[in-house]
Amino acid sequence: MTSDENKRLCVGWKEWAALPELGVDAIEVKVDTGARTSAIHSFDLESFEKDGQTYVRFGLHPDRHSQDPELYCESLVVDQRVVSDSGGHKELRYVIETPIVMGDQQWPIQITLTSRENMAFRMLLGRQAMRQRIVVQPDARHLLKLNKKD
């Protein structure tokens, strides 16, 4: 392994993460090497202008087993992209950028906003977010400690 590879996080196929700027202390993410871009479950999307830039306000449920907590977030829209889901359906999605915390590391990632109401995970971590930061151990899960606030 090169020295760069030694610094990478080793993760399993599902892990815990935090999205501090969105107020999410813990969300279980599916590490998805088949997905280019990360995605998070969102609802009640509403775009608005602020200081000449487009923002989006949206709700999310970080716990896949419950409607609580119900968080409402605002974020700058960095792009809009047509994304194909695993079934081949195309959808125009808002893209935001926010820091993610996994283990002892934090870095900015882009996330598309979409309904994942009927999906097993509220968030997918895609290849772009993992690039040069993560190595996936596909037979493992929850390898990283989540530093949750009590």
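The local environment of CZ in Arg36 is sparse, with at most 12 non-hydrogen atoms from other residues, nucleotides or ligands closer than 6.0 Å. Heavy atoms of other residues, nucleotides or ligands lying less than 6.0 angstrom from CZ of Arg141 number 12 at most.
Looking at Glu15 and Lys145, no side-chain N of the basic residue comes within less than 4.0 Å of a carboxylate O on the acidic one, giving no salt bridge.
Evaluation of the salt bridge (Lys or Arg N to Asp or Glu O under 4.0 Å) rule for Arg116 yields no partner, not counting sequence neighbours. Lys50 is linked by a side chain to side chain donor-acceptor pair (under 3.5 Å) to nothing, counting only residues two or more places apart in sequence or in another chain.
Atom-to-atom distance recorded for Leu76:CG and Gln53:CD is 5.0 Å, nearest 0.5 angstrom. Atom CD1 in Ile27 sits 4.0 Å away from atom CD1 in Ile40 (nearest 0.5 Å). Atom-to-atom distance recorded for Met119:CE and Leu124:CG is 7.0 Å, nearest 0.5 angstrom.
In this structure the side chain of Ile96 reaches within 4.5 angstrom of the side chain of Leu113, judged on heavy atoms. A 4.5 Å side-chain heavy-atom check between His41 and Ser115 finds at least one atom pair inside the cut-off. Side-chain contact between Met123 and Leu19: present, with at least one pair of heavy atoms (C-beta onward) separated by less than 4.5 Å. With contacts defined as side-chain heavy-atom distances shorter than 4.5 Å, the pair His61/Glu70 qualifies. For the pair Val31/Met130, a side-chain contact is recorded, criterion being any heavy-atom separation below 4.5 Å from C-beta on.
With hydrogens and angles ignored, the 3.5 Å screen pairs a side-chain donor or acceptor of Thr112 with a backbone N or O of Ser38. When atom types are taken as modelled, the side chain of Ser42 and the backbone of Thr114 share a donor-acceptor pair closer than 3.5 angstrom.
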Show your working on side chain to side chain contact (heavy atoms under 4.5 Å, CB included) between Glu91 and Val83 and close with a plain yes or no.
-> CA-CA 5 Å; Glu91 177 185 30; Val83 177; 5.6 Å; no
Go through Asp104 and Leu9 one step at a time and tell me if the side chain to side chain contact (heavy atoms under 4.5 Å, CB included) criterion holds.
-> CA-CA 9 Å; Asp104 61 356; Leu9 290 172; 4.2 Å; yes
Does the side chain to side chain contact (heavy atoms under 4.5 Å, CB included) test come out yes or no for Glu49 and Thr54, once each step is laid out?
-> CA-CA 5 Å; Glu49 295 292 316; Thr54 303; 2.8 Å; yes
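Among Ile100, Asp32, Thr37, the single residue meeting the side chain to side chain contact (heavy atoms under 4.5 Å, CB included) criterion with Leu125 is Ile100.
Taking the six-membered ring where tryptophan is involved, the planes of Phe43 and Tyr72 are perpendicular, since the angle between them exceeds 60° and thus also 30°.
Listed by first then second residue, pairs satisfying ring pair (Phe, Tyr, Trp, His ring centres under 6.0 Å) with a partner in residues 83-141 read Trp13-Phe121, not counting sequence neighbours.
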